[in-house]
Amino acid sequence: MGVTCVSQMPVAEGKSVQQTVELLTRKLEMLGAEKQGTFCVDCETYHTAASTLGSQGQPGKLMYVMHNSEYPLSCFALFENGPCLIADTNFDVLMVKLKGFFQSAKASKIETRGTRYQYCDFLVKVGTVTMGPSARGISVEVEYGPCVVASDCWSLLLEFLQNFLGTHTPGAPTVFGNRHDAVYGPADTMVQYMELFNKIRKQQQVPVAGIR
Amino acid sequence: MADVLNVGVNLEAFAQAISAIQALRSSVSRVFDCLKDGMRNKETLEGREKAFIAHFQDNLHSVNRDLNELERLSNLVGKPSENHPLHNSGLLSLDPVQDKTPLYSQLLQAYKWSNKSPFHGVAGGLLNQESLLARASAQGLRARQRPNSLLPPEYVDDVISRIDRMFPEMSIHLSRPNGTSAMLLVTLGKVLKVIVVMRSLFIDRTIVKGYNENVYTEDGKLDIWSKSNYQVFQKVTDHATTALLHYQLPQMPDVVVRSFMTWLRSYIKLFQAPCQRCGKFLQDGLPPTWRDFRTLEAFHDTCRQ
């Protein structure tokens, strides 16, 4: 597990999501990257049940339960800005039992699927973010395996991203800033995916409100 | 006694001489400035040359003038009294209350001591070497050819622990799973781990792995055979093997180990240092993996020539 940067790639003008993904993967293949199967990251939203909120009128916190094909035996449960729990996949069954406290939000499942590429020590995953039946955006994950401290290799990662994404190079993910020289872990990647999914969800809401 | 001082040093002339030295220095630096600036732009080449030569001549004249002035003043200043073997500190001996503050005699004694101390160091070194050689020669001819294979394990431990203390960002764990030969697990910051297989104080083999990679086999021993999963550390392993061949000094194996560790320590910035030649981080997907043996600067493998 190395340092990972997750970012969103805007859809190229006049192109569909699928075409932009193809453009990116072709670029990777030109670079010399090797295809290594597929990957999938999914996320389901739960909100605290009304019965447990109490009379203080606290707003219900959202909880996200996520899976990552890179860690097939684990399940991640995160609060926004909050702790991240890493559990076995059985955690899903537990969530069903906790129906009284956490209720799954309807049609909230969002996921990204795509191809996994290896280039030297870099692992690049370009995925299509889908919510229900429709494609909503493109996720690009770049992992640099040998390094475990985010601040050490950010400039190196940035150079790779600039070569690969050109003008759409993202800034440093917020999780990098929080942890000065701590060892980077899988939870940090999941936090980045959660933030990306939330951003994409919000992007979708705006045009809908405009139509109304 | 006041007379002696006054005759020896004419204070007025002294102050003048100091300012004369300053004047001389500034005129000399003007000469070099003039040479550095070269010829000024003038219409014709001849005019340029003429102006330059005139300027240069002026400067040289002023140097000459200042030098003469300084020479004149230096005659006035007179020589500082020569009967003081320790130069100005000899003035301490003029202190009339010598019985109460024997500063000067103490100073002389300290001076003699400090003069002798380098000899102590040299003699100590010679003595140490002598005892090691004696022990080696007692073990026969074969041993004399390779005295290092007979260094006692305690000595190796001592050298390694001294190196360990020398570099705070480097931790060295020493173990002896197979008899007397030591194996080191060197952890460098949060960047990499190195397995070093030693024979006495000679380094036989090194393997570089990532900080997050497993360095033990299933039965809990150091895994000295498998290589790293990452290309960057495979490359660094190659370079470390080159370094072993580079740092060779059979008479002083501890210096070799220390130089090797110093070189290895420069990898603390493996992912942070751009290449000193091309200024980039990545080349063919790899960061600058080569470190110069002398300057420890970072280069890509292909940029180092």
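Side-chain atoms are counted along with the backbone in the values below, which use heavy atoms only and exclude waters and symmetry mates. In what follows, chains carry the letters A, B, and so on, assigned in the order in which the sequence lines appear, proteins first and then strands, with residues in each chain numbered from 1.
- The environment of B/Glu218 atom CD is sparse: at most 12 non-hydrogen atoms of other residues, nucleotides or ligands sit within 6.0 angstrom.
- A/Phe122 and B/Gly285 get closest at one heavy-atom pair: CE1-O, 3.7 Å.
- Most heavy-atom pairs under 4.5 Å with chain A, from the set B/Leu286, B/Val232, B/Leu192: that is B/Val232.
- Other residues, nucleotides and ligands contribute over 12 non-hydrogen atoms within 6.0 Å of the NE2 atom of B/His246.
- Note on A/Leu158, A/Leu157, A/Val148: by heavy-atom pairs under 4.5 Å with chain B, the leading option is A/Val148.
- Residue pairs meeting the salt bridge (charged side-chain N to carboxylate O under 4.0 Å, His left out) criterion with at least one partner in residues 173-186 of chain B, sequence neighbours excluded, are B/Asp157-B/Arg176.
- Scanning for side chain to side chain contact (heavy atoms under 4.5 Å, CB included) contacts around B/Arg30 gives B/Ser26, B/Ser27, B/Asn59, B/Ser62, with sequence neighbours left out.
- Of the listed residues A/Cys153, A/Gly32, A/Gly2, A/Pro146, the one with more heavy-atom pairs under 4.5 angstrom with chain B than any other is A/Pro146.
- Within residues 254-263 of chain B, no residue approaches chain A closer than 4.5 Å by heavy atoms.
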Please tabulate the donor-acceptor pairs under 3.5 angstrom that span chain B and chain A, backbone and side chains included.
| unit_1 | atom_1 | unit_2 | atom_2 | d |
| --- | --- | --- | --- | --- |
| B/Lys190 | NZ | A/Asp181 | O | 3.0 |
| B/Asn212 | ND2 | A/Met1 | O | 2.7 |
| B/Tyr230 | OH | A/Gly145 | O | 3.4 |
| B/Gln231 | N | A/Asp121 | OD1 | 2.8 |
| B/Gln231 | N | A/Asp121 | OD2 | 3.4 |
| B/Val232 | N | A/Asp121 | OD2 | 2.9 |
| B/Gln272 | NE2 | A/Asp152 | OD1 | 2.9 |
| B/Phe281 | N | A/Glu159 | OE1 | 2.8 |
| B/Phe281 | N | A/Glu159 | OE2 | 3.2 |
| B/Leu282 | N | A/Glu159 | OE2 | 2.9 |
| B/Gly285 | N | A/Tyr119 | OH | 3.3 |

